[in-house]
Amino acid sequence: MSRLDPSLIADLPPFAGMDRQSLEGMLAKAVSVRHPKDSHIFREAEKANSFFLLLDGFVRVVKVTPDGEQVIIRYIAAGELLGIAKALGRETYPANAVAAADCVLLSWRSSIWDAIVSTHPGFATNTYSLVGERLVGTQDRVVELATERVEQRVANAVLNLARQTGRKTEDGILIDFLISRQDISEMTGTTLHTVSRLLSSWETKGWIKSGRQRITIIEGHELMMLATARS
DNA sequence: CCATTAAAGGATT
DNA sequence: AATCCTTTAATGG
């Protein structure tokens, strides 16, 4: 296994404020793993033996209902931790994590979590922040699902994806991985047909450009108006 | 306003 | 060729 350079992770939020020696210590205990698109990184209810840092790619966190319906909880972008069951006081993973694109990750054994947190208080606080941000995000989505119309929820989902994973192109902000209308419907609690209709009507208005599994936001402002408009 | 169903055309493998 | 993704239209809650 090749040696990993500290600069690989030094600038990522979880390791902010960590000195070089500590970074090297973390990396010495890490194993790098590759996950091809659509492979599972971990599964719900599985024993949480490892936690991960996503170095490249995108991960989809998914819950599956008893009757087989999928709900997308969130997407995780490069630089974020995932599978941090230990930080949540859990022994098992709370959901499935699937590679939404080809992914490169670092993984650590969960058994060293406590030692890391006690020797690197900064890592602990960074993790609290991450957990807090995700909590706020899910709270927002609960409010959305309870009060907003489908059109607004879809607009929000698209904007959030663009903010999280967007890449600038000549046309606008491209959501930088393959995402189907089915995926968006699973994020927003609607059907792929409704998502399809909404996206094509936005395309007609010139707000977005979308092809098969690709979405580019051209006029983010209009979408934001829609997303926040009161019915 | 939105889900469901059905049908059909395009894209991907 | 088989499968998946998207669009469109009709119907009904």
Side-chain angles (χ1 to χ4, degrees), chain A residues 33-44 56-78 95-104 137-231:
Chain A
V33 280
R34 251 183 31 82
H35 272 276
K37 178 166 154 52
D38 295 329
S39 65
H40 276 74
I41 294 157
F42 53 78
R43 291 170 194 274
E44 178 169 3
D56 190 40
F58 292 100
V59 172
R60 184 168 50 229
V61 180
V62 185
K63 280 262 192 186
V64 181
T65 64
D67 44 313
E69 198 175 338
Q70 303 216 19
V71 181
I72 297 176
I73 307 297
R74 73 173 82 259
Y75 277 88
I76 290 177
N96 304 289
V98 183
D102 290 342
C103 288
V104 181
T138 47
Q139 284 177 173
D140 289 348
R141 289 196 51 207
V142 171
V143 173
E144 269 179 44
L145 284 169
T147 65
E148 291 182 356
R149 290 172 302 120
V150 167
E151 191 178 39
Q152 300 179 290
R153 304 207 300 268
V154 174
N156 264 313
V158 170
L159 286 168
N160 287 333
L161 283 171
R163 194 178 322 128
Q164 230 190 130
T165 77
R167 187 165 57 82
K168 287 198 184 69
T169 66
E170 311 101 51
D171 292 333
I173 300 167
L174 171 70
I175 293 173
D176 209 9
F177 58 92
L178 296 174
I179 183 161
S180 67
R181 277 119 234 263
Q182 173 85 49
D183 292 329
I184 294 177
S185 72
E186 287 172 3
M187 299 171 66
T188 51
T190 181
T191 62
L192 79 160
H193 305 99
T194 302
V195 172
S196 174
R197 269 191 300 263
L198 287 172
L199 292 189
S200 48
S201 88
W202 295 344
E203 179 152 24
T204 311
K205 292 174 184 163
W207 299 353
I208 65 168
K209 226 177 101 180
S210 86
R212 185 191 171 83
Q213 299 194 119
R214 291 236 165 255
I215 301 173
T216 303
I217 298 189
I218 298 168
E219 272 301 334
H221 190 249
E222 296 287 350
L223 267 187
M224 284 184 59
M225 299 289 289
L226 218 186
T228 57
R230 188 66 211 111
S231 64

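Since we're looking at a predicted model, the values are computed, not measured. Every chain is numbered from 1 and lettered A, B, ... according to where its sequence line falls, protein lines coming before strand lines.
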[X] [atom1] to [N] [atom2]: how many Å, rounded?
| X | N | atom1 | atom2 | value |
| --- | --- | --- | --- | --- |
| A/Glu186 | C/dC4 | CD | P | 14 Å |
| A/Ile215 | C/dT6 | CD1 | P | 8 Å |
| A/Ile208 | C/dT7 | CD1 | C1' | 14 Å |
| A/Arg212 | C/dC4 | CZ | P | 11 Å |
| A/Glu69 | B/dT4 | CD | P | 9 Å |
| A/Leu198 | B/dA3 | CG | P | 9 Å |
| A/Leu192 | C/dC4 | CG | C1' | 11 Å |

Exercise for the section: Using a 4.5 Å cut-off on heavy atoms from C-beta on, say whether the side chain of A/Leu159 contacts that of A/Met224. Expected result: yes
Handout entry: From C/dT7, C/dA10, C/dC5, nucleotide with atom closest to A/His193 side chain
Key = C/dT7
Exercise for the section: Could you please name the option among B/dT4, B/dC2, C/dT7 that lies closest to any side-chain atom of A/Val150? Expected result: B/dC2
Problem - With sequence neighbours excluded, residues passing salt bridge (Lys or Arg N to Asp or Glu O under 4.0 Å) with A/Arg167 - result: A/Asp176
Practice task
Report which part of the nucleic acid A/Leu199 touches: base, sugar-phosphate, or nothing (heavy-atom distance under 4.0 Å, all strands).
Solution key: nothing
Does [N] have OP1 or OP2 under 4.0 Å away from a side-chain N or O of [X]?
| X | N | result |
| --- | --- | --- |
| A/Thr194 | B/dA3 | yes |
| A/Arg181 | C/dT7 | yes |
| A/Thr191 | B/dC2 | no |

